[in-house]
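Every chain is numbered from 1, with letters handed out A, B, ... down the list of sequences. We use all heavy atoms of the structure for the numbers below, so side chains are in, but hydrogens, waters and symmetry mates are not. The model shown is predicted, which means the values in this text are computed figures rather than measured ones.
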Number of protein chains: 2
Amino acid sequence: MSEIKDTIRTIPNFPIDGIMFRDVTTLYSNPNAMKEVVNLTANFWENEGLTCVAGIEARGFVTGSLIANYLSLPFIPIRKKGKLPHQTISQDYDLEYGKATLEIHIDALNKSDNVLIVDDLIATGGTAIASVELIKRLEANVQGCSFIIDLPELGGRKKLENIGIKVQTLCAFEGH
Amino acid sequence: MSEIKDTIRTIPNFPIDGIMFRDVTTLYSNPNAMKEVVNLTANFWENEGLTCVAGIEARGFVTGSLIANYLSLPFIPIRKKGKLPHQTISQDYDLEYGKATLEIHIDALNKSDNVLIVDDLIATGGTAIASVELIKRLEANVQGCSFIIDLPELGGRKKLENIGIKVQTLCAFEGH
């Protein structure tokens, strides 16, 4: 656990003043720590009857695809507006700094699916909750959410748990 | 090879009229075909002395991270403007439809690195050549480029080969 956290770099004042940005690119460049992320995540969820892994653009694509591949499951991309070429449903949400829209292909999931949502970080939870909504609107089940980093002071993890979503995080940082 | 191509869906008139968009999300949802992509790519490059794999945002993150993980190498993200939190260098380029800027962290690579660039598709080559430039500006060596899909009529592969870059593609589609 601590090895993963130790590989994450903090960049002060990005993208705006006062934010301590947790930079996972230094984790991505450490193959052993990345294998640890995949192993810890796959082991945590392997008896949960997952049928697929959904990754949130863009950093959720990195770990989401690795976890899907490790578990031999389909990888489902949740993307920013206008990026998915087939018919989509979309969901607006508030970011920690701004507003945005996420989309998923309408034929990406169905009611027999048990989905693990993967992203790098849970902050206020806006992105994750929008992803939960997209998956529920396709009548699939959200089995849980997995993040490398928790920012507990921002409350996103609690918001997810309050709507009945199981959450795994691999490390936590104080502050924003 | 044909199994991979067969999993790719074509969406007519996306993102603009007249474009036949090759949709890899249907490949992503096929775990066996994804393992085939990773195996074919890793086997092709395994004796080339790679020190890391760079993936181009966003679809290059999916296969790039898988190939890096398989080869136990660092994964280096090449991102759109404004996304990387640490100090970057940037490179403008022309897209098949539009203009954009790519960035890489200045400390992501050094002159001892042999880099494989990964993306889902090579069309006109603008994105790939911008990525080659970024890597060369960090004094690292571009060992080659690997793409799932070649669109040979758009000439990107030839442009890369003309500047001395070795290219692997796993399947090809006629037309745009």
Side-chain angles (χ1 to χ4, degrees), chain A residues 7 9-15 19-35 37-38 51-80 82-88 104-105 107-109 113, chain B residues 7 9-15 19-35 37-38 51-80 82-88 104-105 107-109 113:
Chain A
T7 66
R9 172 167 65 177
T10 295
I11 309 282
N13 302 314
F14 183 89
I19 301 289
M20 298 291 277
F21 190 87
R22 310 305 174 174
D23 178 15
V24 289
T25 68
T26 42
L27 165 62
Y28 295 167
S29 61
N30 185 317
N32 288 334
M34 287 297 276
K35 284 180 199 292
V37 167
V38 176
T51 64
C52 60
V53 177
I56 304 174
E57 182 172 5
R59 287 185 292 267
F61 286 11
V62 174
T63 38
S65 63
L66 288 172
I67 294 157
N69 183 262
Y70 186 94
L71 294 169
S72 296
L73 293 174
F75 173 69
I76 310 297
I78 294 175
R79 298 208 63 176
K80 287 159 190 166
K83 297 290 186 179
L84 287 169
H86 191 51
Q87 203 182 335
T88 60
I104 194 168
H105 274 151
D107 60 353
L109 301 168
D113 278 311
Chain B
T7 65
R9 172 167 65 177
T10 295
I11 309 282
N13 303 315
F14 183 89
I19 300 290
M20 300 289 278
F21 190 87
R22 311 304 175 173
D23 176 16
V24 290
T25 68
T26 42
L27 164 62
Y28 294 168
S29 62
N30 185 318
N32 289 334
M34 286 297 276
K35 284 181 199 291
V37 167
V38 176
T51 64
C52 60
V53 177
I56 303 172
E57 183 172 4
R59 287 184 293 266
F61 285 13
V62 174
T63 38
S65 62
L66 289 171
I67 294 157
N69 184 262
Y70 186 93
L71 294 169
S72 296
L73 293 174
F75 173 71
I76 309 297
I78 294 175
R79 299 208 61 176
K80 287 159 190 166
K83 298 290 186 178
L84 287 169
H86 192 50
Q87 202 181 337
T88 59
I104 193 168
H105 274 150
D107 61 352
L109 301 169
D113 278 311

Participant: Any idea which heavy atoms bring A/Pro31 and B/Ser72 closest together, and the distance?
Facilitator: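 Taking every non-hydrogen atom into account, CG-O, 3.4 Å.
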
Participant: Please look at B/Asn32 and chain A and tell me whether the side chain, the backbone, both or neither of the residue comes under 4.5 angstrom of a heavy atom of that chain.
Facilitator: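 Contact with chain A involves no heavy atom of B/Asn32 at all.
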
Participant: Once side-chain contact (heavy atoms from CB on, under 4.5 Å) is applied, do any residues pair with A/Thr88, and if so which ones, sequence neighbours excluded?
Facilitator: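 side-chain contact (heavy atoms from CB on, under 4.5 Å) list for A/Thr88, sorted by chain: A/Leu84, A/Glu103, A/His105.
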
Participant: Measuring from B/Ser65:OG to A/Met34:CE, what's the distance to the nearest 0.5 Å?
Facilitator: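 B/Ser65 atom OG to A/Met34 atom CE measures 6.5 Å (nearest 0.5 Å).
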
Participant: For the interface with chain B, which of A/Phe75, A/Phe61, A/Tyr70 has the highest count of heavy-atom pairs at distances below 4.5 Å?
Facilitator: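 The option with the most such pairs is A/Phe75.
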
Participant: Contact part of B/Leu66 toward chain A, heavy-atom cut-off under 4.5 Å: side chain, backbone, both or neither?
Facilitator: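 Looking at B/Leu66, backbone and side chain both touch chain A.
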
Participant: Among residues at least two apart in sequence or on other chains, which ones pass salt bridge (Lys or Arg N to Asp or Glu O under 4.0 Å) with A/Asp23?
Facilitator: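 Partners of A/Asp23 by the salt bridge (Lys or Arg N to Asp or Glu O under 4.0 Å) criterion, ordered by chain and then number, come out as A/Arg9.
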
Participant: Check A/Phe14 against B/Gly82 and note the closest heavy-atom contact, atom names and distance.
Facilitator: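 Shortest heavy-atom contact: CZ-O, 3.4 Å.
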
Participant: Pick whichever of B/Pro74, B/Ala108, B/Ala68 has the most heavy-atom pairs under 4.5 Å with chain A.
Facilitator: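 Most heavy-atom pairs within the cutoff with chain A belong to B/Pro74.
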
Participant: Does any heavy atom of chain B fall under 4.5 Å from the side chain of A/Pro77, the backbone, both, or neither of them?
Facilitator: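 Side chain only.
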
Participant: Looking at CG of A/Asn69 and OH of B/Tyr28, how far apart are the two atoms once the value is rounded to the nearest 0.5 Å?
Facilitator: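 A/Asn69 CG to B/Tyr28 OH: 12.5 Å, rounded to 0.5 Å.
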
Participant: Is there a side-chain contact between B/Arg59 and A/Glu57 in this structure, where contact means two heavy atoms from C-beta onward sitting under 4.5 Å apart?
Facilitator: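 Of all side-chain heavy-atom pairs linking A/Glu57 with B/Arg59, none is under 4.5 Å.
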
Participant: At a heavy-atom separation under 4.5 Å, does A/Ala58 approach chain B through its side chain, its backbone, both, or neither?
Facilitator: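 For A/Ala58, heavy atoms of backbone and side chain both lie under 4.5 Å from chain B.
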
Participant: In Å and rounded to the nearest 0.5 Å, what is the CG to OG distance from A/Leu73 to B/Ser29?
Facilitator: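 Spacing of CG (A/Leu73) from OG (B/Ser29) equals 11.5 Å.
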
Participant: Check whether A/Lys80 gets within reach of chain B through its side chain, its backbone, both or neither, counting any heavy atom under 4.5 Å.
Facilitator: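 For A/Lys80, the side chain is the part near chain B, not the backbone.
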
